[in-house]
Visitor: 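I have a structure I would like to understand better, so I am pasting it below and will then ask my questions one at a time.
Values in this document were obtained by computation on a predicted structure and should not be read as measured data.
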Amino acid sequence: MLLATLRTYLKPYARNIALVILFQLLATAAALYLPTLNARIIDEGVAQGDTAKIWNLGLIMLGVTAVQIVGQMSAIYFGARTAMGFGRDLRAAIFHKALSFSTREVNHFGAPSLITRTTNDVQQVQTLVMMTAFMIVQAPIMMVGGIFMALREDIGLSWLIAVAVIVMGTIIVAILLQALPLFRQMQVRIDTLNRVLREQIAGLRVIRAFVREPWEATRFNRANSELTTTSLRVGRRMLTFFPVVQMVMAASSVGVMWFGGLRVEAGEMQIGQLTAFLQYLIQILMSVMMSTMMLMIAPRAQVCAVRIQEVLRTDSSVVPPASPVREVAGHGEVRFEDVSFSYPGAEEPVLSDISFAVTPGQTLAFIGATGSGKSTLVNLIPRLFDATAGRVLVDGVDVRDLDPEVLWGSIGLVPQKPYLFSGTVASNLRYGKPDATDEELWHALEVAQARDFVERMDGQLDARIAQGGTNVSGGQRQRLSIARALVAKPDVYVFDDSFSALDVATDARLRAALVDETRDAAVVIVGQRVATIAGADQIIVLDEGRIEAVGTHDQLLVTSPTYAEIVESQFKAEEAA
């Protein structure tokens, strides 16, 4: 998964990668040449008292050092550009994929997990790309080059290199094998903490209303402690990394000085060669350390890449049509033909054999007990889900064959949970029609019975709206959401229990104002309050996902026991009559 992710999203940066490799080669070659120059200064200059030789070799060392600095800085620059661009493209890919998901896929992953995958998971893979750009060329070349140059100085000490590399590599691999499962756990713990925190922030009013602060604090502390414990377990295993490296490097240096000193004493080796050999050994061990640092990052990046690919490789259950219909003859007709819908893995369908039609100028209402499938049914119209059987037609065309832009442009949906975006009142109202004038906005607000409270807000149309509309009441959010749908002037209005937070008087005024505004459009209403739907041209009573009765308010009072029971529960007997 990791290689597939890197291969796909690093293709546009092939030129930058080539420059990184080029500059890393230059910097590594310079680093490998410096110990040899140092040895020559000691053996040819200092030992022989040749000051001119020392100056000449010293100037060459300065030049080689400058080349190394320029090469390293350039490699870091192009590597950073590559890593940042890679992260940007990967985040964009996840975001656009998530936008294509139906409600089914969003519920499958969950919003907290999608957020974590778009941010933290991408950051882990991005860090790997950056570290790779800095080390992938330098580490192996320095290791191989260092071994070659060390053996060139003295073969008699070569066994020290083999022992040091094998010992260091074995210990570090053992540490990483223990840490890999913990990296997977850590990402799951981050998801859990993110989910708990989002739930608590979103449900803050409910928590306070039921005095559940202590219980929620315990719940958060549990998730936080699980993440902390897992992080500490990873940290304890990784804690041994640098001490092990330092210990092996120190022991290796002592070994080189000890056995090298004996060879110098025996005349088999010069002091400058011993110094160069020690520097090459340090370079070899440093390259091993850099390689193992990559191995430290790679397991976590691999876990994150798997999670990212799960999103990118998940196809939406709502598939865009291969040859979409972009023009329709009629406008504002909705028809269901023997529609059924089941959630994946469900034993029973949510909806069964639903058939009805609503034409422009008509109002169709749905009512039924909680869980009877009302919201699921209206969500099939804008294709938030796809019917598992039967057909949903808008303007005479199956919604699965309609161009998504044409479909969504013809429907004004006010969801059960109205959502406002951070910005202003005007920016929210113009969401469906960016070029709407202020006069159109005020007219929509007036119809939605929202003009009075907007006029009282600081800035009026330019008044600030917090994320989710949390700085306005539930009823105000509903009215602003209704106004947003009215501004777009769609052919079909879908009100999914959109009047539930309104008082009876406001509800009545709003419904009266909607009559003239939606005269040429089809209106579909889901309601729990009988007064909201009593004036509909047709009312459908749903019971456990099936149509129990169809008719007007007066007809259903006689023909539908379920409807009569609902009415009786909301009104006195004489009011029902």
Visitor: If I take atom CZ from residue Phe366 and atom CD from residue Gln528, how far apart are they, to the nearest 0.5 angstrom?
Guide: 13.5 Å
Visitor: Does the Arg430 side chain pair with the main chain of Asp435, one donor and one acceptor, at a distance under 3.5 Å?
Guide: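 No.
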Visitor: For Phe356 and Leu377: C-alpha separation, side-chain torsions, deciding distance, then whether side chain to side chain contact (heavy atoms under 4.5 Å, CB included) applies.
Guide: CA-CA 11 Å; Phe356 65 83; Leu377 188 150; 3.9 Å; yes
Visitor: Roughly how far, to the nearest 0.5 Å, is CZ of Phe336 from CG of Leu351?
Guide: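 Here the interatomic distance stands at 8.0 Å.
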Visitor: Has Gln476 got a side-chain atom pairing as donor or acceptor with Ser473's backbone, closer than 3.5 angstrom?
Guide: yes
Visitor: Does Asp386 pair with Arg400 as a salt bridge, N-O distance under 4.0 Å?
Guide: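 Arg400 and Asp386: not salt-bridged.
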Visitor: Treating Gln309 as the side-chain partner and Val306 as the backbone partner, does any N or O pair qualify as donor plus acceptor under 3.5 Å?
Guide: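 Here the side-chain-to-backbone pair does not exist.
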Visitor: Look only at the side chain of Ser355 and the backbone of Asp338, and say whether a donor-acceptor pair between them is shorter than 3.5 Å.
Guide: yes
Visitor: Grab the two heavy atoms, one from Asp497 and one from Gln478, that are nearest each other, plus how far apart they are.
Guide: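 Closest approach of Asp497 to Gln478, heavy atoms only: O-NE2, 3.6 Å.
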Visitor: If you round to the nearest 0.5 Å, how far is CZ of Phe341 from CG of Asn379?
Guide: 9.0 Å
Visitor: Could you tell me whether a side-chain N or O of Arg479 sits under 3.5 Å from a main-chain N or O of Gln449, the two making a donor and an acceptor?
Guide: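 Between the backbone of Gln449 and the side chain of Arg479 there is a qualifying donor-acceptor contact (under 3.5 Å).
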Visitor: Closer than 3.5 angstrom, by distance alone: can the side chain of Ser340 be matched with the main-chain N or O of Ala389 as a donor-acceptor pair?
Guide: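 No; zero donor-acceptor contacts below 3.5 Å.
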Visitor: Can you measure from CG (Leu441) to CZ (Arg484) and round to the nearest 0.5 angstrom?
Guide: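 Here the rounded value is 12.5 Å.
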Visitor: Checking Asn120 side chain against Thr116 main chain: does a donor-acceptor pair fall under 3.5 Å?
Guide: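 Checking the backbone N and O of Thr116 against the side chain of Asn120, no donor-acceptor pair under 3.5 Å is found.
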Visitor: Which residue, Tyr419, Trp408, Phe421, forms the ring-ring contact (aromatic ring centres under 6.0 Å, His included) with Tyr431?
Guide: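 The option that passes is Phe421.
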Visitor: Taking Thr424's backbone N and O only, do any of them form a donor-acceptor pair with Asn428's side chain (distance below 3.5 Å, no angle check)?
Guide: yes
Visitor: Any sub-3.5 Å donor-acceptor pair from Gln555's side-chain atoms to Thr552's backbone N or O?
Guide: yes
Visitor: Inspect the contact between Arg307 and Glu310 and indicate whether a charged nitrogen and a carboxylate oxygen are less than 4.0 angstrom apart.
Guide: no
Visitor: So, Asp398 and Arg335, do they make that salt bridge, N to O below 4.0 Å?
Guide: no
Visitor: Once you round to the nearest 0.5 Å, how far does NZ of Lys489 lie from CD of Glu440?
Guide: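 Output value for this atom pair is 4.5 Å.
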Visitor: Restricting to non-hydrogen atoms, name the atom on Ala549 and the atom on Ser560 that form the minimum distance, rounded to 0.1 Å.
Guide: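 Taking every non-hydrogen atom into account, CB-CB, 3.6 Å.
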Visitor: Does the Thr388 side chain pair with the main chain of Ser342, one donor and one acceptor, at a distance under 3.5 Å?
Guide: yes
Visitor: For Asp543 and Ser372, which I'm curious about, is there any donor-acceptor pair between the side chains at under 3.5 Å?
Guide: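 No, Ser372 and Asp543 have no side-chain donor paired with an acceptor closer than 3.5 Å.
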Visitor: Calculate, to the nearest 0.5 Å, the distance between atoms CD and CE belonging to Gln126 and Met130 respectively.
Guide: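 Nearest 0.5 Å value for the CD-CE distance: 6.0 Å.
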